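Beneath this line is the structure, given in structure tokens, with notes to follow.
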There are 2 protein chains.
Amino acid sequence: MNRLLRVYLMDQVTIFNDYVRRKGLKNTSQRLTILEAFLGSKLHFSTEDLYFRLRKDHPKIGYATVHRTLKLFAECGIARELDFGDGQARFEPLNADQHHDHLVCTNCGLIIEFTEPQIEKLQEQVAAQYNFKIERHRHELYGLCSKCTKLS
Amino acid sequence: MNRLLRVYLMDQVTIFNDYVRRKGLKNTSQRLTILEAFLGSKLHFSTEDLYFRLRKDHPKIGYATVHRTLKLFAECGIARELDFGDGQARFEPLNADQHHDHLVCTNCGLIIEFTEPQIEKLQEQVAAQYNFKIERHRHELYGLCSKCTKLS
DNA sequence: GAAGAAATTGAAAATGACAATCAGAAAGCT
DNA sequence: AGCTTTCTGATTGTCATTTTCAATTTCTTC
């Protein structure tokens, strides 16, 4: 693990620990296990994905606990909950300084991340017009990826 | 009803009728009733909303029929299906020439529509970078409306 | 380090939106 | 009108998610 990654991970862990302390919650071995697996995850996984991945090494951890813990991560800001309209909630590790949105291929399920600061800026302008205070947003482009465009 | 509105409604009805004919479906009194109620709707209603509204004058129309018919409207392009993450699908009448996205107040539920051609354009540019072909998109800004900002 | 209060866990059951089923009714072609 | 196909609506099924609750674990306080 390189230094940058270590710092990045420490941040997430610290945020979580602070949140747990502040809310009077408890630090359990399950939460630590799930946190580690979460931080080591590919992006855009569902509760089920993580649950089955954990089952290999930690067969005692229940689905409900994984689910509750992911919700907790979202609450304390280290996870973002995604919904690509396929009836399954997805999550991704989140760090404050880089925001991105998604392109979703409706044929093969490929997910591409994109960043476009100008769009973010225009969003803010739109919100300002209505005296609206943005807390979060969702911006997803659905369609065909380059591979699937060729095939069809 | 003014002339413009009449023309607009006629368009929606015509699109639906053409779709029904093309697909070998049938024109039933229930579908007509639901279509009328749909076109006369405020925006962003759920299946349940429309079902209960219809029940007053048409107590025989079942929930499943309302649900299937709204899906049909979405299929033929006169409705857009929305999902604001509250676990209920919503619908709005749609006409081809004006696209809009939404601001959603997480406190009072207020929904504001907005149009920002520049964002649409930037979206297209992003997609082009990845040789991605956009079929549809979802862009929602969640936060506090001006009223709720003052109260909190 | 033990005791007690409070939170957590995990299996199971509940919930809730949506989708599927199916027998009877209606539509629309000939 | 007769016949085939689709539609309707009450009910049931499905599936992700949420809740329940008794047993367990954590963490503070002595």
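Basis for what follows: all heavy atoms, side chains included, without hydrogens, waters or symmetry-related copies. This is a predicted model, so every value here is computed, not measured.
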Side chains of A/His100 and A/Glu92: is there a donor and an acceptor less than 3.5 Å apart?
yes
Scan residues 18-31 of chain B for pairs that pass salt bridge (charged side-chain N to carboxylate O under 4.0 Å, His left out), counting only residues two or more places apart or in two chains.
none
What is the distance, rounded to the nearest whole Å, between atom CZ of B/Arg68 and atom P of D/dT11?
14 Å
Might you work through the side-chain contact (heavy atoms from CB on, under 4.5 Å) test for B/Phe114 and B/Ile112, ending with a clear yes or no?
CA-CA 7 Å; B/Phe114 75 89; B/Ile112 301 168; 5.6 Å; no
Side chain to side chain donor-acceptor pair (under 3.5 Å) involving B/His139 - partner list, sequence neighbours excluded
A/Gln123
Pairs touching residues 37-52 of chain A that satisfy salt bridge (charged side-chain N to carboxylate O under 4.0 Å, His left out), sequence neighbours left out
none
End-to-end bend of the helix from C/dG1-D/dC30 to C/dT30-D/dA1 (five-pair axes, 10° rounding)?
30°
State plainly whether one hydrophobic cluster holds both A/Leu39 and A/Tyr51, where clusters connect Ile, Leu, Val, Met, Phe, Trp and Tyr through side-chain heavy atoms under 4.5 angstrom apart.
yes
Is there a residue in residues 77-88 of chain B whose heavy atoms reach under 4.0 Å of DNA chain C, and which residues are they?
B/Gly87, B/Gln88
Sugar-phosphate, base or nothing in reach of A/Lys23, heavy atoms under 4.0 Å
nothing
For a 4.5 angstrom cut-off between non-hydrogen side-chain atoms, does B/Leu54 reach B/Leu50?
yes
Of all the choices, D/dT6, D/dT17, D/dT26, which nucleotide is nearest to the side chain of B/Lys26 once you look at every atom?
D/dT6
Do B/Phe45 and B/Leu70 have side-chain heavy atoms sitting under 4.5 Å apart?
yes
Calculate the interatomic distance between B/Phe16 atom CZ and D/dC7 atom C1'; express it in whole Å.
12 Å
Please examine the side chains of B/Cys145 and B/Leu103, heavy atoms only from C-beta on, and report whether any two atoms are closer than 4.5 Å.
no
In residues 47-67 of chain B, what residues come within less than 4.0 Å of DNA chain D, judged by heavy atoms?
B/Lys60, B/Ile61, B/Gly62, B/Ala64, B/Thr65
Taken to the nearest whole Å, CZ/A/Arg21 to C1'/D/dT26 is 14 Å
How would you give the extent of chain B contacts on DNA chain C, as first and last nucleotide 5' to 3' within a 4.0 Å heavy-atom cut-off?
C/dA17 to C/dG28
Let me see the working for B/His137 and B/Glu120 under side-chain contact (heavy atoms from CB on, under 4.5 Å), right down to the final yes or no.
CA-CA 10 Å; B/His137 74 268; B/Glu120 311 276 325; 3.4 Å; yes
Do the two ring centres, one from B/Phe84 and one from B/His102, sit under 6.0 Å apart?
yes
Pairs flagged by salt bridge (charged side-chain N to carboxylate O under 4.0 Å, His left out) wherever residues 55-71 of chain A is involved - sequence neighbours left out
A/Lys71-A/Glu81
Can you pull out every salt bridge (charged side-chain N to carboxylate O under 4.0 Å, His left out) where at least one residue sits in residues 132-151 of chain A? Sequence neighbours excluded, please.
A/Asp83-A/Arg138, A/Arg138-A/Glu140, A/Arg138-B/Glu140, A/Glu140-B/Arg138
For DNA chain C, what residues of residues 27-34 of chain A have any heavy atom nearer than 4.0 Å?
A/Thr28, A/Gln30, A/Arg31
Residues which pass side chain to side chain donor-acceptor pair (under 3.5 Å) with A/Glu116, listed by chain and number, not counting sequence neighbours
none
Where at least one partner belongs to residues 11-31 of chain B, residue pairs that pass ring pair (Phe, Tyr, Trp, His ring centres under 6.0 Å), sequence neighbours excluded
B/Phe16-B/Phe73
